Amino acid sequence: MRTLFLLLFSVVTFAQQTSKVDFLKAQAIVAPDASMKKVVGAMVYHFKVIKNIDTIRIDAKNMNFDHVLVNNKPVRFKNNHKELLLFEGFKKGKNWVSFSYTAVPKQTMYFNGEGEKQQIWTQGQGKYTSHWLPSFDDANEKVIFNLQVSYNEDYVVIANGVLKKVIPEKEFQSKTWVYEMENPMSSYLVALAIGDFRNKTIGSNSGVPLQMFIQPKDTTKFEPTYRYSKEIFDYLENEIGVAYPWKIYKQIPVEDFLYAGMENTTSTIFSQDFVVDNTDFNDRNYVNVNAHELAHQWFGDLVTAKSGKHHWLQEGFATYYALLAERQIFGDDYFYHQLYRSSLQLRNAAKNDTIPVMNEKASSLSFYQKGAWALHTIREAIGSKAFQKAVKRYLNKYQFQNVETDDFLAEIKKVAPRFDTAAFKNSWLLDYHFPIEEANALLKKNSFIQTLFETQQLRKKTFAENKEAYISLLKQNVFYPIKTEILYQMKFIPYEDKKELLALALATNDLKVRQSVAEFTEEIPAEFKTAYESLLEDNSYDTKEIAFMNLWKNFPDSRNLYLNKAQNWTGGNDKSLRILFLTFSIFSIEGQTAEKTKYYTELVDFTSPKYESAVRQNAIMNALTINDKDSNVLKSLVNATTHYKWQFSKFAREKIRELVALEGYKNLFESLIPTLNDSEKNQLQKLLKEK
C-alpha cells in the first residue's frame with residue numbers, strides 16, 4: 001500500500017509540475033566512459049515558470065551534480081539520487097539552469113563488447129532516460145533536446161536529430177558529434193548509439209534523408225536487411241497523409257538489443273537479429289519491425305499518449321500501419337493471414353487475460369494486436385478515406401502534444417457522425433473479450449481466408465474423402481497456408497497413401513510449403529529419401545536445420561554425407577547451423593581425435609562473452625549435452641546470469657537451478673567461485689543459497 005501511495009504521489013507531483021513549469025530546450029554535452037561504465041556530462045535547460053512553485057524536479061537516477069546555476073547564479077539544491085531538486089533562484093517567466101553531472105547507469109545505457117566490437121547504446125522505453133541523462137520520466141514533458149557527444153575518434157556516434165558538425169579533438173584522440181533537433185519530444189525518446197558503423201543515405205520521394213547503418217562485417221547483408229525501406233517510408237508518408245515530422249530518419253542495428261526495436265525520435269535502434277542475408281530473409285526479416293518503428297515517428301513521437309492507459313494509441317497504431325505496409329509489399333492474402341493469426345492469439349488470450357486494452361496493465365498482445373484490430377474495424381466501418389481524414393486531423397491538431405483515447409475518437413466522430421464511437425470503445429477497448437464475429441466478418445471478405453476456413457473444415461473428414469480436394473488445392477496457385485494446412489492434416493497418414501501429394505507439395509517450390517513437408521514428415525521412407533534430401537538445398541536456414549535433423553535420425557548410414565553437406569553452413573546471427581554441425585560432428589566421431597577436440601573447442605568458444613547472447617545460449621545448451629560438467633561451459637553459464645539482457649540471464653539462472661538440483665553439481669559450482677569476478681560470485685551464491 002505504501003509503495004502504491006508513493007507511486008501515486010510521484011505521478012501527482014510531476015503532473016502538478018508540468019502545469020506550473022514548462023521545460024522548453026536542453027543543451028547537453030555527454031561523454032560516455034566505456035571502461036568505467038559511466039557518463040560525464042553537462043547540461044543547460046531553458047524553462048518557463050507558469051505558476052508559483054516551491055520545488056522544481058529533474059529526474060536523475062544515481063547521479064552526482066556540481067556547478068549548479070540558476071539564471072547564471074550558484075544556488076543550493078538537493079540530490080536524493082532519484083531527482084535533482086531546485087528550490088531557489090528561479091522566477092515566474094523564462095529561466096535557465098545549468099550543471100555538470102556524473103552518472104553510473106544501472107540500466108538504459110548499455111556498454112556492450114570490447115575493442116573493435118565495442119558498442120554503447122540506449123533503450124529508454126517508457127521513462128528510463130533519467131538513468132544516463134538528467135531528464136523527465138513523465139512523457140507529458142516535451143523538450144527540444146540537442147546533444148553533443150564526445151567519444152573515441154575511431155567510432156561513430158549517432159543521436160537524435162541532424163548532425164550539424166563533428167569537432168576533432170586530436171590531443172585526446174576523440175571527436176565531438178553535434179546533433180540538433182528543431183521540435184520537442186518526450187525524454188524517453190532521447191537516444192544514443194556508438195559503435196563501428198558504415199552507412200548509406202538515400203532520399204525518400206519527399207526528400208527526407210534515410211540513413212541506414214550497418215557494421216563493417218555485415219556490409220554484404222545491407223540490401224536484404226534494409227530491403228523495402230524506401231518503399232515502406234514512401235508508403236507510410238502517403239497513407240498517413242501527414243508529412244514525416246522530422247528532418248532525417250536513421251536506423252541502427254546493435255548487438256544484444258533488449259527488444260526488436262525502439263522508435264527513438266529520428267533514430268530507430270533495432271536488434272542485430274534482423275541483420276540478415278538473402279537466405280535468412282526468408283526465415284525472419286526486418287520488414288515488419290522496420291514499418292512498425294517508422295510508424296511510431298508519428299504515433300508516439302509526434303503525438304504521445306498521456307498515460308499508460310492510452311498506450312494503445314502508440315502501439316496499436318504502429319502495429320496497424322506496419323501491417324498495411326506489409327500488405328503493400330506482400331499482398332492482400334498475406335495481410336489477411338496475419339490478421340487471422342493475431343485474431344487466434346487474441347481469442348485464446350481472452351480465456352485467461354481479463355485486462356482490457358485501455359488499462360496500463362494490459363498485455364503487449366492487447367496494446368499491439370488488439371489495438372491494431374480495433375483500428376482495422378474502424379477503417380472497415382467508415383471507409384479508408386474517412387479514416388485517413390480523421391487520422392490526418394488528429395495528427396495535425398495534436399502534433400508535439402499528448403493525447404487520450406477520446407481525442408482520437410472525437411476526430412473519428414467528426415468525419416463519420418453515424419459511427420458509434422461509444423459502442424466501439426466499450427467493445428474493443430474497455431471489454432477484455434475479443435469480438436470474434438466482427439473479426440471473422442472482416443476476414444471472410446478475402447477469398448483466400450474463405451478457402452482456408454473451408455480447408456480447415458476438412459479435418460472432420462477422412463483422408464480418402466479429402467484426397468481429391470487436397471490434390472486440387474496443391475495444384476492451384478493459392479497462398480501457402482492452405483497447402484501447409486493440408487500437410488498438417490496428412491501428418492499421420494501412411495506414406496504410401498500420401499506420396500503423390502508430398503511430391504506435389506515439393507514441386508510447388510514454395511519455401512514455406514516445402515518447410516512444412518520437412519516439419520510434418522518425421523519418418524522418411526527410403527523411397528522418399530532423395531526427394532527429402534533436396535530440402536537441404538532450400539534457401540531457408542530453418543528448413544535446412546529441420547531436414548538435417550530428421551535425415552540424421554532416419555538414415556544413420558548417411559550421416560557422414562549430411563555432415564559433409566553441413567560443414568560450411570553458418571546460419572543466421574545465432575550461428576545455429578554451425579553449432580548444429582559442430583555438435584553432431586562431435587557425437588559422430590569415436591574416441592578422442594584432434595578433429596573432435598578442434599570442434600569441441602570451437603563450440604565452447606561460442607559460449608563465451610565475446611559472442612551475442614543468442615549464439616551463447618545455443619552453444620551452452622549443446623555443449624552441456626556433450627559434457628555437462630565442463631568447468632569452462634559452467635563458467636560461461638554463470639557469466640550469463642550477469643548479462644543485462646533479461647531473457648538470457650533468466651535462461652542462465654533457470655539452467656543453474658536445474659543443474660544444482662542434481663547430485664554433484666552444487667559442489668562443482670562452489671569450486672568455480674574463486675575463479676569468478678564479483679558480480680558472477682554474487683549471482684552464483686544467491687542461486688546456491690536458494691532452497
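Computed from a predicted model, the values in this text were never measured in an experiment.
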Return the set of residues passing side chain to side chain contact (heavy atoms under 4.5 Å, CB included) with Lys78 (not counting sequence neighbours), or none when no residue passes. Leu85, Phe87
State whether the number of non-hydrogen atoms from other residues, nucleotides or ligands found under 6.0 Å of Lys681 atom NZ is greater than 12. yes
Go through it in stages, so that I can follow the logic: the residues are Phe136 and Lys127, the test is side chain to side chain contact (heavy atoms under 4.5 Å, CB included), and I'd like the CA-CA distance, side-chain angles, deciding distance and then a yes or no. CA-CA 7 Å; Phe136 307 97; Lys127 56 180 183 179; over 6 Å; no
Go through Ser307 and Glu360 one step at a time and tell me if the side-chain hydrogen bond (donor to acceptor under 3.5 Å, both in side chains) criterion holds. CA-CA 8 Å; Ser307 69; Glu360 61 185 13; 5.7 Å; no
Does Asp280 come within less than 4.0 Å of Arg284, counting only side-chain N to carboxylate O? yes
Should the pair Lys610-Glu114 be classified as a salt bridge under the 4.0 Å nitrogen-to-oxygen rule? no
With no hydrogens and no angle check, just 3.5 Å: does a side-chain donor-acceptor pair link His292 and Glu263? no
Any heavy-atom pair between the side chains of Val30 and Val40 that's under 4.5 Å? no
Under 3.5 Å side-chain donor-acceptor pair for Ser130 and Lys61: yes
Look at the rings of Tyr562 and Phe548 and say which category their plane angle falls in: under 30° parallel, 30 to 60° tilted, over 60° perpendicular. perpendicular
Is Ser135 reaching over with its side chain to a backbone N or O of Leu133, donor-acceptor style, under 3.5 angstrom? yes
Please check: side-chain N/O of Thr122 versus main-chain N/O of Leu192, any donor-acceptor pairing under 3.5 Å? yes
For a side-chain hydrogen bond (donor to acceptor under 3.5 Å, both in side chains) check, start with the C-alpha distance between Gln215 and Glu255, then their side-chain angles and the critical distance, and finish with the verdict. CA-CA 10 Å; Gln215 292 188 64; Glu255 297 195 354; 3.1 Å; yes
Any sub-3.5 Å donor-acceptor pair from Asn290's side-chain atoms to Tyr286's backbone N or O? no
Looking at the rings of Phe367 and His311, which for Trp means the six-membered one, are their centres under 6.0 Å apart? yes
Going by an N to O cut-off under 4.0 Å, is there a salt bridge joining Glu83 and Arg57? yes
Flag, side chain of Ser271 to backbone of Asp273, donor-acceptor distance under 3.5 Å: yes
List the atom of Arg559, the atom of Lys553, and the distance in Å for their closest heavy-atom pair. NH2-CA, 4.4 Å
Other residues, nucleotides and ligands only: do more than 12 of their heavy atoms fall within 6.0 Å of CZ on Phe111? yes
Would you mind checking if Arg657 and Glu654 are paired as a salt bridge, meaning a charged N to carboxylate O distance below 4.0 Å? no
Supply the atom-to-atom distance Thr597 OG1 to Gln592 CD, rounded to the nearest 0.5 angstrom. 4.0 Å
Give me the one residue out of Val638, Leu634, Thr641 that meets side chain to side chain contact (heavy atoms under 4.5 Å, CB included) with Leu684. Val638
Any salt bridge linking Arg198 with Asp218? Criterion: basic side-chain nitrogen under 4.0 Å from a carboxylate oxygen. no
Is Asn112 close to Gln118 at the side-chain level, that is, under 4.5 Å between some pair of heavy atoms? no
Consider only side-chain N and O atoms of Asn622 and Asn618, and report whether a donor and an acceptor are under 3.5 Å apart. yes
Which word best sums up how the rings of Tyr226 and Phe222 line up, parallel for under 30°, tilted for 30 to 60°, or perpendicular for over 60°? tilted
Ignoring hydrogens and angles, tell me if any N or O in the side chain of Glu612 forms a donor-acceptor pair with the backbone of Asp256 under 3.5 Å. yes
Is there a donor-acceptor contact under 3.5 Å linking the side chains of Glu293 and Gln251? no
For Phe172, does the CZ atom have more than 12 heavy-atom neighbours from other residues, nucleotides or ligands under 6.0 Å away? no
Do Gln314 and Asp301 have side-chain atoms, one donor and one acceptor, less than 3.5 Å apart? no
For Asn282, which residues count as a side-chain hydrogen bond (donor to acceptor under 3.5 Å, both in side chains) partner, sequence neighbours excluded? none
Mind checking the CD-CG spacing from Glu680 to Asn677? Nearest 0.5 Å is all I need. 3.5 Å
Taking the six-membered ring for Trp, are the ring centroids of Phe581 and Trp552 within less than 6.0 Å of each other? no
If you compare all heavy atoms of Gln119 against all heavy atoms of Pro253, which two are closest, and at what distance to 0.1 Å? NE2-O, 4.3 Å
Do other residues, nucleotides or ligands put more than 12 heavy atoms under 6.0 Å from Glu522 CD? no
Has Gln685 got more than 12 heavy atoms of other residues, nucleotides or ligands less than 6.0 Å from its CD? yes
Test of ring centre spacing under 6.0 Å for Tyr541 and Phe281: no
Evaluate the side-chain hydrogen bond (donor to acceptor under 3.5 Å, both in side chains) criterion for residues Ser363 and Ser366: first the C-alpha distance (whole Å), next the side-chain angles of each, then the deciding distance (0.1 Å), finally the verdict. CA-CA 5 Å; Ser363 67; Ser366 292; 3.2 Å; yes
Is the count of non-hydrogen atoms from other residues, nucleotides or ligands lying under 6.0 Å from Lys596 atom NZ greater than 12? yes
Measuring only between side-chain heavy atoms, which start at C-beta, is Asn560 closer than 4.5 Å to Leu563? yes
Min side-chain heavy-atom separation Lys629-Asn627 under 4.5 Å: yes
Answer yes or no: does atom NZ of Lys565 have more than 12 heavy-atom neighbours from other residues, nucleotides or ligands under 6.0 Å? no
Taking all non-hydrogen atoms of both residues into account, name the closest pair between Phe606 and Leu582 and its distance. CE1-CD1, 3.7 Å
Any side-chain heavy-atom pair from Ile252 and Phe270 closer than 4.5 angstrom? no
Look only at the side chain of Asp538 and the backbone of Ser540, and say whether a donor-acceptor pair between them is shorter than 3.5 Å. no
Decide yes or no on ring pair (Phe, Tyr, Trp, His ring centres under 6.0 Å) for Tyr644 and Phe257, but give the supporting numbers first. CA-CA 10 Å; Tyr644 62 79; Phe257 194 58; 9.4 Å; no
Look at the side chain of Asn288 and the backbone N and O of Ala322, then say whether any donor-acceptor pair between them is shorter than 3.5 Å. no
Taking atom CD1 of Ile355 and atom CG of Leu365, what is their separation to the nearest 0.5 Å? 12.0 Å
Are there more than 12 heavy atoms of other residues, nucleotides or ligands under 6.0 Å from atom CD of Glu590? no
Check against ring pair (Phe, Tyr, Trp, His ring centres under 6.0 Å), Trp121 and Phe197: CA-CA 13 Å; Trp121 46 263; Phe197 295 111; over 10 Å; no
When you measure from the side chain of Thr268 to the backbone N and O of Asn264, does any donor-acceptor pair fall under 3.5 Å? no
For Asp630, check salt bridge (charged side-chain N to carboxylate O under 4.0 Å, His left out) against everything at least two apart and list the hits. none
Just by distance, with hydrogens left out, do Gln211 and Asn199 show a side-chain donor and acceptor under 3.5 Å apart? yes
Polar side-chain atom of Glu169 near backbone of Thr176 as donor-acceptor pair, under 3.5 Å: no
Name the orientation class of the two ring planes belonging to Tyr101 and Phe99 (parallel below 30°, tilted from 30 to 60°, perpendicular beyond 60°). perpendicular
Check whether any side-chain N or O of Asn62 sits under 3.5 Å from a backbone N or O of Val104 as a donor-acceptor pair, and report yes or no. yes
